[in-house]
*Asks:* 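Let me give you the structure first, and then I'll get to my questions.
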Amino acid sequence: MHLEYQVYEADFVNAGSASSSIKKTLKQLNINPAIIKRVVVALYEAEVNAIAHAYGGTITADIDANKINIKVVDKGPGIPDIDWAMQEGNSTASPEVRDMGFGAGMGLPNIQKNVDKLNVQSTVGVGTSVEMEVNFK
Amino acid sequence: MTIKEIATLLDAKVVCGKERLDEEHENAFASDLMSDVLTLGDHNPIILTGLCNLQTIRTCEMGNLDIIILVRKKKATEEMIEMAEEEGMVLMECNYSMFKACGILYQAGIQAIY
């Protein structure tokens with residue numbers, strides 16, 4: 001199954017709608033609720049990142065019998081130092097993002113805790129790609 | 001403790017999920033930071049928060065956290081209530097400070113998750 005969603009810069013009203021849709025799909029597929037929670041927490045963090053830090057982007061999810069693979073590809077500005085961004089507490093979030101309850105520098109580290117595979121690639125001026133995979137068993 | 005007892009202790013107004021008042025719950029977590037709410041792993045506690053916007057509901061949806069108590073006189077918007085209803089959540093509004101609401105629940109036996 002292949003799913004695709006667009007997310008838009010600073011569109012906080014709809015932040016989480018892709019994650020919510022994927023959560024409902026996984027529920028319909030009778031995936032273990034504890035695994036669904038790991039998938040959607042990681043995805044939601046990445047979705048909020050694309051809306052809060054980037055100029056929007058695309059979320060694609062590929063689901064088979066054994067796993068879900070999700071790619072969140074945004075349109076920039078890119079992360080200059082991924083190792084820095086992966087450390088808890090480091091954040092470049094705007095006051096608006098902090099008002100929404102985010103921006104504590106816990107997004108990428110929390111994604112890492114919840115997925116089985118994570119690959120973050122970023123080019124300054126081009127964008128960031130966060131690819132994550134969670135096994136169903 | 002039932003949701004109804006919790007609402008009574010906090011003098012809180014249940015704005016959605018009234019059909020779930022007899023459910024029993026034992027644990028709670030309090031934070032205004034949704035990033036923290038997303039780090040609770042397998043736990044699904046009652047959430048007390050002073051953050052009152054759509055992301056409060058969305059975040060709780062992602063975390064399977066379906067009992068939300070808004071503290072510090074925060075009032076849920078229509079959009080928040082609508083989304084909470086869609087997700088089958090219990091949403092209540094409490095005029096007490098976060099400290100007071102947590103203190104009352106803790107004293108009454110509601111447990112912390114860590």
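By convention in this document, chain letters (A, B, ...) are assigned in the order of the sequence lines, proteins followed by strands, and residues within each chain are numbered from 1.
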*Asks:* Tell me, for B:E87 versus chain A, whether the close heavy atoms (under 4.5 Å) come from the side chain, the backbone, both or neither.
*Replies:* side chain
*Asks:* Answer with side chain, backbone, both or neither: which region of A:M100 has an atom nearer than 4.5 Å to a non-hydrogen atom of chain B?
*Replies:* both
*Asks:* Using non-hydrogen atoms only, which part of A:F102 is less than 4.5 Å away from chain B: side chain, backbone, both, or neither?
*Replies:*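 Looking at A:F102, backbone and side chain both touch chain B.
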*Asks:* Return yes when atom CD of B:E23 has more than 12 non-hydrogen atoms of other residues, nucleotides or ligands closer than 6.0 Å, and no otherwise.
*Replies:*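 Counting other residues, nucleotides and ligands, CD of B:E23 exceeds 12 neighbours.
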*Asks:* So which heavy atom on A:V40 is nearest to which on B:M62, and how close?
*Replies:* CG2-O, 3.3 Å
*Asks:* Heavy-atom cut-off 4.5 Å, strictly under: side chain, backbone, both or neither for B:N64 against chain A?
*Replies:* both
*Asks:* Taking all atoms of both residues into account, what is the closest heavy-atom pair of B:L38 and A:E45, and its distance?
*Replies:* CD1-OE2, 3.5 Å
*Asks:* Check the pair B:D42, A:K37 against side chain to side chain contact (heavy atoms under 4.5 Å, CB included), reporting the backbone distance first and the verdict last.
*Replies:* CA-CA 8 Å; B:D42 292 338; A:K37 182 167 177 175; 5.9 Å; no
*Asks:* Write down the atom of B:S35, the atom of A:G103, and the distance for their closest heavy-atom approach.
*Replies:*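 Smallest interatomic distance, heavy atoms only, reads OG-N, 4.1 Å.
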*Asks:* Measuring heavy-atom distances to chain A, does B:L33 have an atom under 4.5 Å in its side chain, in its backbone, in both, or in neither?
*Replies:*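 For B:L33, backbone and side chain are both near chain A.
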*Asks:* Tell me whether the count of non-hydrogen atoms from other residues, nucleotides or ligands lying under 6.0 Å of NZ in B:K75 goes above 12.
*Replies:* yes
*Asks:* Give a yes or no on whether B:I69 and B:L91 share a hydrophobic cluster (residues Ile, Leu, Val, Met, Phe, Trp, Tyr; joining criterion: side-chain heavy atoms under 4.5 Å apart).
*Replies:*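 Cluster IDs for B:I69 and B:L91 differ.
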*Asks:* Checking the side chain of A:K113 only, and the main-chain atoms of B:T39 only, is there a donor and an acceptor separated by less than 3.5 Å?
*Replies:*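 Not at all, since once roles are kept as given, no pair shorter than 3.5 Å links the two residues.
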*Asks:* Treat each ILVMFWY residue as a node, draw an edge where side-chain heavy atoms are under 4.5 Å apart, and state whether B:I47 and B:L54 are in one component.
*Replies:* no
*Asks:* If you group Ile, Leu, Val, Met, Phe, Trp and Tyr by side-chain heavy-atom gaps below 4.5 Å, do B:Y96 and B:I46 land in one group?
*Replies:*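 Linked within one cluster.
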*Asks:* Identify whether the distance between the nearest side-chain nitrogen and carboxylate oxygen of A:K24 and B:E61 falls below 4.0 Å.
*Replies:* yes
*Asks:* Check each atom of A:V13 against the heavy atoms of chain B and say whether the ones under 4.5 Å are side chain, backbone, both or neither.
*Replies:* both
*Asks:* Applying side chain to side chain contact (heavy atoms under 4.5 Å, CB included), run through A:S17 and B:R58 and close with a yes or a no.
*Replies:* CA-CA 8 Å; A:S17 51; B:R58 270 287 186 231; 3.5 Å; yes
*Asks:* Among the clusters formed by ILVMFWY side chains lying less than 4.5 Å apart, do A:I51 and A:V130 turn up in the same one?
*Replies:* yes
*Asks:* Based on non-hydrogen pairs under 4.5 Å, which of A:S20, A:P109, A:A34 is most in contact with chain B?
*Replies:* A:S20
*Asks:* Is there a side-chain contact between A:Y44 and B:Q55 in this structure, where contact means two heavy atoms from C-beta onward sitting under 4.5 Å apart?
*Replies:*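 Yes, close enough: below the 4.5 Å cut-off.
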*Asks:* Does any backbone or side-chain atom of B:T49 lie under 4.5 Å from a heavy atom of chain A? Answer side chain, backbone, both or neither.
*Replies:* neither
*Asks:* Would you say A:V72 ends up clustered with A:M1 if hydrophobic residues are merged whenever their side chains have heavy atoms under 4.5 Å apart, either directly or through other cluster members?
*Replies:*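 Yes, same cluster.
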